2 protein chains.
Amino acid sequence: MQYNFNKTLFIEKLKSSCSKTHVRNFKKGETITTYIEKRNQICFVLKGEADLIRYDLNGNKTIIGHFTLGDVFGEVFYPANTNNELFVEAKKNAEILFLLYDDIQEKCKKGCQFHEELKESLSDIILEKVIELNTRIELLTKRNTRDKLLSYFDILSSNRMNKTITIPFSYTDLADYLSVDRSAMTRELSHLIEDGFIKKYGNKITLLY
Amino acid sequence: MQYNFNKTLFIEKLKSSCSKTHVRNFKKGETITTYIEKRNQICFVLKGEADLIRYDLNGNKTIIGHFTLGDVFGEVFYPANTNNELFVEAKKNAEILFLLYDDIQEKCKKGCQFHEELKESLSDIILEKVIELNTRIELLTKRNTRDKLLSYFDILSSNRMNKTITIPFSYTDLADYLSVDRSAMTRELSHLIEDGFIKKYGNKITLLY
DNA sequence: GTAAAACTGTTGCATATGCAACAGAAAAAA
DNA sequence: TTTTTTCTGTTGCATATGCAACAGTTTTAC
């Protein structure tokens, strides 16, 4: 966002000109990829939405990441020795472009005309990912549910530059994203309404402060 | 770690050959930088250790990140519209190399012999940052203090490939890093000992599972 | 060396959060 | 359409966590 770099244009170019990529479509609910074996795969969302999900031993679901148009995910972003089973699931019919980090750095070099440009853009793309993750960490380090909710609303609100926001999740999923219990979160939402911090109409929230 | 890229060598080269960088020494406790105004600064730890810290309105301290030799931090990794005041503090006498992301991408291009190599390495460096942040998110999404502690110990243990680990923090700071109350964490540590999960000798912990 | 400051382990108490269960609403599937 | 599934809001209860306070220890500063 903050760097003058046209990501959409970039992805279009990538799709049409790099021989090392491939594109696949997924239906809602399908598993796009699992992070078990360590490949250095990078994936771009061309259409639709996807969630990066972890289930722990107690069956708790955590939405580690939520990806939409232009977002990037993949095993290359995770440590090799992760003992968590993560997988990415299509939330809506989705079109995903796959390629390997190594192919960008090495193999593609000879044939692909677009290659130099890709390499230049790569650090910008990964940098954007870093910013996304730091934003998420800001959220997760908040000590209680109220602060997590307010932080989340603030982020959406300042992104859209609007005091009224639309939650891009079901409330069930939002709880999994904030890493809190759903019923406790709903309870806290009620408190926020009582205390005059927010108004709530379905999946729309208006910040009153 | 996982890419065959020599970071130490890289930093040495960077320090000696790029005219756009500068290096400064800090004493323990000194503030290295604050993330208020938005510059696209990148900083490398050449010596010592540093913490990225946030204080919330209630005075709670959170250690957002902990950096040692070779680690990278800086405003460039944060969204422009962050309303949190973050700052980086030297934990031990530290030597820090500063440069601007824009200088790598643009201005340095003409004069600096090392520039091309720097650009190639840049995406590897930022990628390493992404992996570090995803590891941190795995930790923070754990639902309770016990799981956070065990995850943290696991990460240290598998990095050092040793069942006995040395906590690189004071326990006070570890609590701030895990985003939990110190006394609650100490209590949970006692429970982990009682339940036979760990043994504890000062700042050394042995995993018994 | 001595004084001051920070760290550690512990506890009682208040409360936020998790958990289980339920019914009505909404959405998806048939 | 009808049926099935998922989502939502709520509540009672158990408990994990936060908070405040304290004393003993260790570390830093003078």
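The structure displayed is predicted, hence computed values, not measured ones. Proteins get letters first, then strands, A, B, ... in listed order; numbering begins at 1 in each.
- Here C/dT17 presents its P atom at 14 Å from NZ of A/K142, a figure rounded to the nearest Å.
- Between the P atom of D/dA16 and the CG atom of B/L189 lies a distance of 15 Å, rounded to the nearest Å.
- Separating the NZ atom of B/K148 from the C1' atom of D/dT17 is a distance of 11 Å, rounded to the nearest angstrom.
- Ring geometry for A/Y55 versus A/F87: interplanar angle under 30°, hence parallel rather than tilted (30 to 60°).
- OP1 or OP2 of C/dT10 sits under 4.0 Å from a side-chain N or O of B/S190.
- In this structure, the nucleotide among D/dC19, C/dG9, D/dG9 sitting nearest to the side chain of B/T186 is C/dG9.
- One can find a donor-acceptor pair under 3.5 Å joining the base of D/dG9 and the side-chain atoms of A/R182.
- Residue A/R146 is classed as having no contact, given no heavy-atom separation below 4.0 Å to the nucleic acid.
- For A/T145 and C/dA16, the shortest distance from a side-chain N or O to OP1 or OP2 is not below 4.0 Å.
- Using modelled atom types, no side-chain atom of A/N93 and backbone atom of A/K27 make a donor-acceptor pair closer than 3.5 Å.
- Within residues 192-209 of chain B, no residue approaches DNA chain D, by heavy-atom distance under 4.0 Å.
- The cationic atom of A/K163 (NZ for Lys, CZ for Arg) lies less than 6.0 Å from the six-membered ring centre of A/Y209 and within 45° of the ring axis.
- Ionic pairing of A/K91 and A/D173 is present here: one or more N-O contacts between side-chain nitrogen and carboxylate oxygen are shorter than 4.0 angstrom.
- Spacing between atom CG of A/N144 and atom P of C/dT15 amounts to 14 Å, rounded to whole angstrom units.
- Residues A/N134 and B/Y35 have side chains not in contact (no heavy-atom distance under 4.5 Å, counting atoms from C-beta outward).
- In this entry the distance linking NZ of B/K91 with C1' of C/dA6 reads 11 Å, nearest Å.
- Taking the side chain as every heavy atom from C-beta outward, B/R136 and A/L133 never approach each other to under 4.5 Å.
- Each of B/F169, B/F73, B/Y152 was scored for a ring pair (Phe, Tyr, Trp, His ring centres under 6.0 Å) with B/H66, with one residue passing: B/F169.
- DNA chain C lies under 4.0 Å from at least one heavy atom of each of the following residues of residues 170-181 of chain A: A/V180, A/D181.
- Closest approach to the B/S183 side chain among D/dA20, C/dA21, C/dT8 is made by D/dA20 (side chain taken as heavy atoms from C-beta onward).
- Rounded to whole angstrom, the span from the NZ atom of B/K28 across to the P atom of D/dA29 amounts to 6 Å.
- Between A/M185 atom CE and D/dC7 atom C1' the separation is 11 Å, expressed in whole Å.
- The existence of a salt bridge linking B/D195 and B/R146 is confirmed by a sub-4.0 Å separation between a basic side-chain nitrogen and an acidic carboxylate oxygen.
- At whole-Å resolution of the value, NE2 in B/H191 and P in D/dT17 are 10 Å apart.
- Rounding to the nearest 0.5 angstrom, the gap separating the CD1 atom in B/I125 from the NZ atom in B/K129 is 11.5 Å.
- Within the nucleic acid shown, B/R187 comes within 4.0 Å of at least one base atom, counting heavy atoms only.
- Counting only distance, with no hydrogens or angles, the side chain of A/S157 and the backbone of A/N162 share a donor-acceptor pair below 3.5 Å.
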